[in-house]
**Student:** 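Before I ask anything, here is the structure I am working with.
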Amino acid sequence: MEKVLMKGNEAIAEAAVMAGCKHFFGYPITPQNELAAYMSQRMPRVGGTYLQAESEIAAINMVIGAAAAGVRAMTSSSSPGIALKSEGLSYLAGCDLPAVLVNVQRAGPGLGGIQPSQADYFMAVKGGGHGDFHTVVFAPNSIQEMVDYTFAAFDIAEKYRVTVMLLTDGILGQMMEPVALIAPETKAPAEKPWAVTGTKGARPKNIVNSLYLSPELLEKVNIARFERYDEIKRNETRCELYKTDDAEICVVAYGAASRISRNAVEMARAKGIRAGLIRPITLWPFPSDAILEAADRVKAFTVVEMSMGQMIQDVELAARCKKPVNLCFRTGGMVPSPEEVLKSIEEVLR
Amino acid sequence: MKTVFQRPNALTDMPTSYCPGCTHGIIHRLVAETLDELELTGRTVGIAPVGCAVLAYNFFACDMVQSAHGRAPAVATGVKRANPDNIVFTYQGDGDLAAIGTAETVHAAARGENITIIFVNNAIYGMTGGQMAPTTMPGQVTQTSPYGRDTTTAGFPVHVCEMLASLQGTAYCERVAVDSVPNIRKAKAAIKKAFQNQVDGKGFSLVEVLSTCPTNWGLTPVKALDWLRDNMMPYYPLGVYKDRSAEEL
């Protein structure tokens, strides 16, 4: 298969178009601008809609409208903009609408900085809106994966009627790699009988709604939604295990940090340390089983994050205090070096 | 036997949740009659707001979306862009449209989004129990302006039609009232025009309907109508603020 050299942000955009997404609603923010710019160029040529909204909030509400109308729709932003979209994420969940969202993370809090970061783990995985709900979160670590999981994101969103977030960062968004743009056959349901497209006098009216004034009913609706989440946990949890079979120490890292960590694993192996890497690909659902399994075999874990340490909480929970969990971090837009990760590996083994 | 009066087909048979004497019922009926007369119900998607009309998704017989507070014009934009053949309208109150949703309203108008907005202005937040609204008038007593709206601290009301008329993207905006039979007839004509404009692809149309809230105004329904005439109409003059619907496309 022929490969093309593409920037991460643009690769996601092209994959989305290939996945049949004809409706993109955005708002400028660094470092995701190439994604929206690509859409603004591409959408008119495929008969689609590129609309630059008045705010991040308006953009996600336009996604809600388009998703309710039954088409594939997406929006993208970076950290402070994703925070604004949290209202929409909650309504998307409450209305059981499928949508795809991209977060090209930058450093925070506040206006923070425009350098790459992984400090939105909590927002993506634990929060990002009020009420009982989850967003499915993919954390690709290459441009190829950004393409592959964009296709997967649309399918999963429609199959389970959930929002899927691609959680990337300024490194992945901005860097270029060769990618194969191959659209897999969609596994999503062909029909959306719940969509608001006008009854045409041929069916009862559809209502897309998240309001339930009866607490008894809302409890049932929420529990039913979490049964769907359980299905997602069973079917869609993904992680990559690298040299973990004989590992005495496991590094746990996702996204850009996992690429640095992989180098550190090689460096450790060269020094005779049996290091391995567990790379969560879905952050929600979190691959807790892989961590727990490793916890019985390894001496310790080192979690590598471009934040003050957020995913580490899920690693600790999954490891059930069986083994020590160390943190190797840089924050504020700083990126850890393989040497720093190696040092952390050596420290925790001591 | 000849039927001289009946529920419009575009309204369901579900009893509304509005207070006795509230004019939402009249406005719902005018929208529904319009959908019937223009034969639009089967291709229409309505967007319900947050506020007293939140349950409008139960009352209109067309497909409906319930949106977040103030976001109805953005949701309507998404629906319309997805399926331009649908007729898309929002039904919003003053808090929803002119406070929390100001940006969504102004920019839907600025884009000339081909949608219809029914804007119900009763100068108060009704559903939450009568707080000061962006359209509460100077001196008006509400739960959160107990000494009357003091413009030195609470500022001035937003005149939505006047504001939107200044935008190039607005095709049509008119302020009407539902206080009397003649005015209700005019309101009906305005609402019908706002929908016909969308059918004809004329762009953004908004009808502001001066409405009463007897419950939160603390008045009987009849006195509330008097209050609307005596206080709101002079401050919010009725009339057409912009009309490009006669222009050729």
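So you know, we letter chains A, B, ... as the sequences are listed, proteins then strands, and number each from 1.
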**Student:** May I ask you to name which of A:I60, A:I207, A:L213 has the most heavy-atom pairs under 4.5 Å with chain B?
**Tutor:** A:I207
**Student:** Would you mind checking which part of B:D85 comes under 4.5 Å of any heavy atom in chain A, side chain (CB onward), backbone (N, CA, C, O), both or neither?
**Tutor:** neither
**Student:** Sort out for me which of A:L211, A:I64, A:V63 touches chain B most, counting heavy-atom pairs under 4.5 Å.
**Tutor:**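 When all of A:L211, A:I64, A:V63 are compared, A:L211 has the most.
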**Student:** Measuring heavy-atom distances to chain A, does B:A61 have an atom under 4.5 Å in its side chain, in its backbone, in both, or in neither?
**Tutor:**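 The backbone, not the side chain.
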**Student:** To the nearest 0.5 Å, tell me how far B:T102 OG1 sits from A:E54 CD.
**Tutor:** 11.0 Å
**Student:** What distance separates B:I100 CD1 from A:I57 CD1, expressed to the nearest 0.5 Å?
**Tutor:** 8.0 Å
**Student:** Quick one: pull up CG in A:N61 and OG in B:S67 and give me the separation to the nearest 0.5 Å.
**Tutor:**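 Taking CG in A:N61 and OG in B:S67, the distance rounds to 7.0 Å.
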**Student:** Nearest 0.5 Å please: distance from the NE2 atom of A:H23 over to the OG1 atom of B:T77.
**Tutor:**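 OG1 of B:T77 is found 11.5 Å from NE2 of A:H23.
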**Student:** Any donor and acceptor pair, going by atom type alone, linking the side chain of A:N209 with main-chain N or O of B:Y57 inside 3.5 Å?
**Tutor:** no
**Student:** Can you tell me how far the CZ atom of A:F25 sits from the CZ atom of B:R81, to the nearest 0.5 Å?
**Tutor:** 7.5 Å
**Student:** Heavy-atom pairs under 4.5 Å with chain B: which of A:A59, A:A58, A:G94 has the most?
**Tutor:**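 Going by pairs under 4.5 Å, I would pick A:A58.
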**Student:** At a heavy-atom separation under 4.5 Å, does B:I87 approach chain A through its side chain, its backbone, both, or neither?
**Tutor:**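 The answer is neither part of B:I87.
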**Student:** Please state whether the side chain, the backbone, both or neither of A:T197 comes within less than 4.5 Å of a heavy atom of chain B.
**Tutor:** both
